[in-house]
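Taking it in order: structure first as structure tokens, then the write-up.
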Amino acid sequence: MSPVDLTIHAQSGAARTGVMKLTHGSVPFPAFMPVGTYGTVKAMLPRDIKEIGAELILSNAYHLWVRPGHKLIERMGGLHSFMGWDGAILTDSGGYQVFSLNQFTQISEEGVRFRAPLDGQYRTMTPEVCVEIQESLGVDIAMAFDECIEWPATRDRVAQSTARTTRWLKRCQAARTKMETTGLFGIVQGGMYQDFRVEHAQEISELDLDGYAVGGLSVGEPTEKLLETVAWTTPHLPADKICYLMGVGYPWDIVEAVIRGIDIFDCVIPTRNARNGKVFTSVGIINIKNARYAEDESGLDPNCSCLTCQNHSRAYLRHLFVSQEILGAHLLTRHNLHFYQQLMSKIRVAISEGSESLEKLRTEVNSWNRPYTT
RNA sequence: GGUGCUGUAGUUAAGUUGGUUAUAACGCCGGCCUGUCACGCCGGAGGCCGCGGGUUCGAGUCCCGUCAGCACCG
């Protein structure tokens with residue numbers, strides 16, 4: 001039996017809603033995973049993450065491998081126990097770091113040699129190491145080791161890189177030892193080229209993985225390209241498996257991607273932007289550091305029921321940011337993540353209700369993409 | 001009362017043997033962030049160089065006076 005057990009409850013066009021049962025709990029989808037790279041969703045307690053409604057979080061195999069080391073975490077009882085989180089965990093492999101840390105990498109068929117910015121040490125990540133790390137961590141879902149490449153990239157570069165990602169995926173599969181508890185997802189690459197995306201999706205669909213991801217997006221391309229690429233890819237992935245869009249995105253990107261067949265998402269935006277003062281609300285985007293909020297007694301979002309909105313004024317939150325008080329980061333992160341979880345909940349309801357409801361939500365969410373005024 | 005030190009952006013400071021548009025940090029104002037090297041990054045505004053004279057082609061810089069703060073001596 002697969003560690004990722006999928007039940008689809010309703011569909012509306014390509015969008016679908018249901019529940020995926022994982023080793024550490026059941027996750028309704030479409031779902032958004034808060035990002036906790038280093039074994040912590042920055043500024044959030046595990047119980048806070050639960051409270052705002054997230055059942056599944058994302059962590060990172062590469063970064064935990066560099067520090068404190070996967071073997072140490074295994075000795076501490078695995079990542080769940082180590083970080084005090086009993087919900088589900090998906091780990092990214094380090095494929096994104098091949099892109100984001102490219103100035104410190106050398107790529108070969110064997111794998112990727114990283115010079116860690118943290119300690120200057122050289123380490124080689126291979127598909128085998130990548131699986132070993134994620135199985136040691138004891139996560140619910142492991143991502144295959146891929147190469148996330150830059151945009152734009154030539155056809156020749158994309159073709160070679162994608163072929164290697166496929167070979168690495170097969171090596172990941174062969175290296176598995178905990179098939180009952182840690183699922184493995186394959187990642188579709190292919191750059192922004194339709195034929196490559198279709199071919200790669202079809203090719204890895206035959207490998208019978210526990211789920212599939214669309215990778216290589218949100219690397220600086222325009223939104224239209226991102227959505228176009230998603231639309232090319234999802235029809236060629238197995239309908240009875242989860243489809244994960246990696247690294248996306250803004251609320252409006254998420255709705256558009258769900259409509260194109262995506263089930264789960266992760267993105268640093270709600271957490272990182274919160275720490276930098278940017279807030280998502282149903283009345284537009286707020287930069288809490290702006291002077292205009294200095295004496296604003298209202299809450300962040302008049303339509304939000306999160307703890308931050310129920311208890312604190314914009315004036316106070318701005319003060320916390322201007323004073324660089326740590327509580328500001330927590331309160332804004334909490335709000336943004338709550339906002340995202342509410343969005344996902346609305347999306348699930350809308351899909352069950354049908355296309356009209358989903359279209360209405362789409363219009364509403366796109367209206368959030370504006371600065372707050374008045 | 002005397003001597004010395006210090007007065008430069010909102011704040012703290014740099015400023016060569018006098019030489020283009022006086023520099024930085026912090027603060028202030030604004031923008032950015034898509035599988036987190038990220039409580040981060042980028043940009044902007046802001047100066048009668050205490051005040052008044054003088055020397056000089058040219059003074060934040062040298063000279064005289066004066067005011068303020070600090071230290072020490074009477």
Side-chain angles (χ1 to χ4, degrees), chain A residues 32-44 57-64 66-67 90-105 114-120 130 134 141-149 151 165 185-189 212-223 225-227 229-230 244-254 256-257 262 264-280 285 287-294 318 320-333 336 340 369 371:
Chain A
F32 178 83
M33 298 180 277
V35 176
T37 303
Y38 292 97
T40 162
V41 175
K42 294 184 195 298
M44 292 284 282
I57 64 173
L58 175 139
S59 193
N60 185 284
Y62 167 81
H63 287 293
L64 293 175
V66 173
R67 183 172 68 185
L90 176 152
T91 35
D92 183 28
S93 57
Y96 184 73
Q97 279 63 44
V98 178
F99 163 74
S100 65
L101 301 178
N102 69 81
Q103 55 180 314
F104 305 104
T105 60
F114 286 90
R115 183 173 178 274
L118 186 66
D119 59 6
C130 166
Q134 295 178 88
I141 299 170
M143 297 306 298
F145 189 49
D146 66 330
E147 182 189 7
C148 178
I149 63 172
W151 178 85
T165 285
F185 280 20
I187 303 171
V188 182
Q189 290 290 342
Y212 292 85
V214 183
L217 295 176
S218 64
V219 290
E221 77 285 2
T223 303
K225 267 229 157 343
L226 186 160
L227 295 175
T229 306
V230 169
Y244 162 31
L245 176 56
M246 306 183 79
V248 173
Y250 291 99
W252 33 96
D253 294 338
I254 289 175
E256 295 296 338
I262 300 293
I264 65 175
F265 301 85
D266 81 278
C267 189
V268 302
I269 279 184
T271 44
R272 181 196 287 167
N273 282 16
R275 291 192 310 283
N276 294 329
K278 208 76 152 201
V279 186
F280 293 94
I285 298 166
N287 182 346
I288 200 65
K289 293 184 281 193
N290 287 174
R292 58 190 302 186
Y293 304 117
R318 175 178 137 87
L320 292 178
F321 264 78
V322 167
S323 311
Q324 293 177 53
E325 279 294 338
I326 202 80
L327 183 59
H330 169 71
L331 293 173
L332 258 52
T333 299
N336 274 354
Y340 266 64
N369 186 6

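From a predicted model like this one, the values you see are computed outputs, not experimental measurements. Sequence lines set the chain letters: A, B, ... in the order given, protein chains first and strands last, and positions in each chain run from 1.
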Atom [atom1], compared across [N] and [M]: separation rounded to whole Å:
| N | M | atom1 | answer |
| --- | --- | --- | --- |
| B:C57 | B:G65 | P | 24 Å |
| B:C29 | B:A9 | C1' | 15 Å |
| B:U6 | B:C62 | P | 10 Å |
| B:U66 | B:G30 | C1' | 43 Å |
| B:U55 | B:A13 | C1' | 30 Å |

Of all the nucleotides listed ([options]), which has the minimum atom distance to the side chain of [X]?
| X | options | answer |
| --- | --- | --- |
| A:Leu101 | B:C39, B:C37, B:C33 | B:C37 |
| A:Asn287 | B:U34, B:C39, B:G31 | B:G31 |
| A:Phe104 | B:G35, B:C33, B:C37 | B:C37 |
| A:Leu58 | B:U34, B:C37, B:G35 | B:G35 |
| A:Asn273 | B:C39, B:C33, B:U36 | B:C33 |
| A:Ile269 | B:U34, B:C37, B:U36 | B:U34 |
| A:Asp253 | B:G35, B:U36, B:U34 | B:U34 |
| A:Tyr38 | B:A38, B:C29, B:C33 | B:A38 |

When both hydrogen-bonding distances must be under 3.5 Å and the geometry is Watson-Crick or G-U wobble, what is [N] paired with, if anything?
| N | value |
| --- | --- |
| B:G18 | none |
| B:C37 | none |
| B:C29 | B:G43 |
| B:C48 | none |
| B:G4 | B:C70 |
| B:C62 | B:G54 |

So, for A:Leu64 and A:Ser59, which heavy atoms are closest and what is the spacing to 0.1 Å?
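It is CD1-OG, 3.6 Å.
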
I'd like to know if the side chain of A:Gln189 and the backbone of A:Ile187 have a donor-acceptor N/O pair within less than 3.5 Å.
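Pair absent, no side-chain N/O of A:Gln189 close to backbone of A:Ile187.
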
Taking A:Glu325's backbone N and O only, do any of them form a donor-acceptor pair with A:Ser323's side chain (distance below 3.5 Å, no angle check)?
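Here the side-chain-to-backbone pair does not exist.
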
Looking at [X], I'd like to know whether one of its side-chain N or O atoms comes within less than 4.0 Å of OP1 or OP2 on [N].
| X | N | value |
| --- | --- | --- |
| A:Thr37 | B:U36 | yes |
| A:Gln97 | B:U36 | yes |
| A:Arg275 | B:G40 | no |
| A:Asn276 | B:A38 | no |
| A:Gln324 | B:C26 | no |
| A:Ser100 | B:C37 | yes |
| A:Asn290 | B:G31 | yes |
| A:Lys289 | B:C29 | no |
| A:Arg318 | B:C29 | yes |

Using 30° and 60° as the class limits, which term best fits the ring planes of A:Tyr340 and A:Phe280: parallel, tilted or perpendicular?
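Because their plane-to-plane angle is over 60°, the rings of A:Tyr340 and A:Phe280 count as perpendicular.
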
Distance-only polar pair, side chains of A:Asp266 and A:Tyr244, donor-acceptor under 3.5 Å
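Checked: A:Asp266/A:Tyr244 side chains pair up, N/O donor to acceptor below 3.5 Å.
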
Please report, rounded to the nearest Å, how far the [atom2] atom of [N] is from the [atom1] atom of [X].
| X | N | atom1 | atom2 | result |
| --- | --- | --- | --- | --- |
| A:Asp92 | B:G35 | CG | P | 10 Å |
| A:Tyr293 | B:C28 | OH | P | 17 Å |
| A:Met246 | B:U36 | CE | P | 8 Å |

Derivation and outcome, side chain to side chain contact (heavy atoms under 4.5 Å, CB included), residues A:Ile288 and A:Leu320:
CA-CA 10 Å; A:Ile288 200 65; A:Leu320 292 178; over 6 Å; no

